[in-house]
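Heads up, the thing below is written out as structure tokens.
By convention in this document, chain letters (A, B, ...) are assigned in the order of the sequence lines, proteins followed by strands, and residues within each chain are numbered from 1.
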Amino acid sequence: MPSFPPVEEQLRQIRRGVVEIIPETELVQKLERSYRTGKPLVVKLGCDPSRPDLHLGHAVVLRKLRQFQDLGHQAVLIIGDFTAMIGDPTGRSKTRPALTLEETRTNGRTYFEQASRILDPERTIIRYNSEWLGKMTFRDVIELSARYTVARMLERDDFEKRYRAGEPIGIHEFLYPLAQAMDSVEIHADIELGGTDQRFNLLVGRDIQQAYGQEPQVCLLMPILEGTDGVEKMSKSLGNYIGITEPPEEMYGKVLSIPDHLIYRYFELATDIPTELLPAKKEFAERDPRNAKHELAWTIVRMYHGEEAANRARAHFERTIIRKEAPEDLEPFQPTPDEGSRIALVNLIVQAGLAASKSEARRLVRQNAVSIDGERISDEHLVIDLARQAPFVLRVGKRRFARIVWDEAQQSA
RNA sequence: GGGCAGGUACCGAAGCGGUCAAACGGGGCAGACUGUAAAUCUGCUGGCGCAAUGCCUUCGGAGGUUCGAAUCCUCCCCUGCCCA
């Protein structure tokens, strides 16, 4: 039987970083009842297994779920494998490719593995929603749909905008919020977590739970973390994300590339530093953004990779970016020469994966972006004799390096 | 079922028989600057290529007209709106 901290203390922690609690009075009631009866609250978080690469944006809400675990409540992670199988078309673009059941299972496992860097896996219940959604008959679906109206669906910002803009909305898109609501019904969720973009979906959950005779869940909305560009929300498809499994060096560099005005926000939402220290960080970020950003990067890397890795990442950054030297642990790359031991520079660049095509490589040379052992190359027709010149470090742009080696024996073998 | 308007490169959007690998904007990449950033300026942004008025692939799909098509014709697919 878990023993909970006092309700006031729980509330204090739950409120940190939260944008909105709908409605807060019900949260208090639920907490009080749980405290009285010793029964943990069921806290739900739904996730989309079509993209199992978690980043700091996902981490915001996962950290909140972890916080509930630490307070003694029951975390339930819903893997939306059923919806992924159909292909969720949320957002403007085309329907996502539908996944097979195996793919969603594999993705689900990957998701959980990654989420375990934040959650306590021992105390997390995982449920796949195909388990109950897959069993529903057409009749069940019609009954479910009858509980909601088109007008209410169109309240959703995304639907309304698209409808007005004359963009297509598939009927099945109306079914997604309902499906998600059924997840809440299935597990009798007391609280559902989500980003502010999930507000509508979580609220539908409340209505549907009531329609099925249950007490409605409390919706707890977390802010959407901006990506490294500082404008759009962090997302993989926008390429502005920092993945939680990325190597320390990469993570460090990416954190450093965020605009200054986000430094404090990242401290608040993406780190585990105690709430009491936040005001000091805010002052730090305003007074000395450069060093505050370094501390932020270090803190985040430490959370996911440990202190030693964080120190290494900092040293790496100073070496490669500030002093513009090649990283020390570059994998050697043995190119396939064009003829004998000779290779055209543009071919070498493509082979080493530093450019996508020869034309691009050529362009980069013209733009003074290519150097060998620190020396700028301006001749796009340059041919390199590997036997004479290797090993050397090939560099393209600021961040792309390759250590080119030549081994006669290995070549003939 | 009928009518109308559309489907162009990563995205938005011009082009409507040759001078189109396709204007312009966004995004991306590179260079200068810098704190790695932001802002700013400059260049590049289908592939191949000895940067040639060169070759190949591309403008929803398949055919056709033409010396020549993103541009004209036919059929098909897709989207939105209006009517039924």
N/O donor-acceptor pair, side chain R362(A) with base rG49(B), under 3.5 angstrom: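 Indeed, a donor on one side and an acceptor on the other fall under 3.5 Å apart.
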Check: Q367(A) side chain, rG43(B) base, donor-acceptor under 3.5 Å: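 Such a pair exists between side chain and base.
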For the pair made of [atom1] in [X] and [atom2] in [N], what is the distance, rounded to whole Å?
X	N	atom1	atom2	result
R162(A)	rC81(B)	CZ	C1'	17 Å
L256(A)	rU34(B)	CG	P	18 Å
N240(A)	rC10(B)	CG	P	20 Å
D288(A)	rU36(B)	CG	P	14 Å
D379(A)	rA51(B)	CG	P	10 Å
F317(A)	rG35(B)	CZ	P	12 Å
R395(A)	rG31(B)	CZ	C1'	12 Å
E167(A)	rC81(B)	CD	C1'	14 Å

Donor-acceptor side-chain pairing of Q69(A) and T124(A) below 3.5 angstrom: yes
Side-chain H-bond candidate by donor/acceptor type, Q198(A) with Q180(A), under 3.5 Å: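 Side chains of Q198(A) and Q180(A): pair found under 3.5 Å.
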Does [N] have a Watson-Crick or wobble partner in any strand here, with both distances under 3.5 angstrom, and which is it?
N	value
rC44(B)	rG28(B)
rG35(B)	none
rG1(B)	rC83(B)
rC59(B)	none
rG6(B)	rC78(B)
rC72(B)	rG64(B)

Aromatic ring proximity F174(A)/F159(A), centre distance under 6.0 Å: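 Yes - the distance between ring centres of F174(A) and F159(A) falls below the 6.0 Å cut-off.
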Pairwise [atom1] distance, [M] and [N] [rounded to whole Å]:
N	M	atom1	value
rC41(B)	rA52(B)	C1'	33 Å
rU8(B)	rG60(B)	C1'	10 Å
rA30(B)	rC55(B)	C1'	28 Å
rC56(B)	rA39(B)	C1'	42 Å
rA70(B)	rC20(B)	P	13 Å
rA22(B)	rA14(B)	C1'	10 Å
rU57(B)	rG47(B)	C1'	7 Å
rC73(B)	rG17(B)	C1'	13 Å

If you look only at distance, which donor and acceptor atoms sit under 3.5 Å apart when one is on a side chain in residues 267-280 of chain A and the other is two or more places apart or in another chain?
from, atom 1, to, atom 2, distance (Å)
T271(A), OG1, F267(A), O, 2.6
T271(A), OG1, I273(A), N, 3.4
T275(A), OG1, R16(A), NH1, 3.1

Pair E360(A) + R363(A): basic N to acidic O under 4.0 Å: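 Salt bridge flag = no for R363(A) with E360(A).
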Residue mapping more 5' on RNA chain B - nearest nucleotide basis, L364(A) or E360(A): L364(A)
RNA chain B: 5'-proximal contact among I169(A) and D229(A) (nearest heavy atom): D229(A)
Under 3.5 Å: donor-acceptor pair, side chain of Q114(A), backbone of G243(A):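 No: the side chain of Q114(A) does not pair with the backbone of G243(A).
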Indicate, with a heavy-atom threshold strictly under 4.0 Å, whether [X] touches base, sugar-phosphate, or nothing.
X	value
R164(A)	nothing
D260(A)	base
S357(A)	sugar-phosphate
R400(A)	sugar-phosphate
H381(A)	sugar-phosphate

Does [N] have OP1 or OP2 under 4.0 Å away from a side-chain N or O of [X]?
X	N	value
K293(A)	rA37(B)	no
R363(A)	rG47(B)	yes
S359(A)	rC48(B)	yes

Y252(A) and F317(A) aromatic ring geometry - parallel, tilted or perpendicular at 30°/60° bounds: tilted
Parallel, tilted or perpendicular, as decided by the 30° and 60° cut-offs, for the rings of Y148(A) and F200(A): perpendicular
Proximal nucleotide (of rC48(B), rU36(B), rA32(B)) relative to the S257(A) side chain: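 Minimum distance to the S257(A) side chain belongs to rU36(B).
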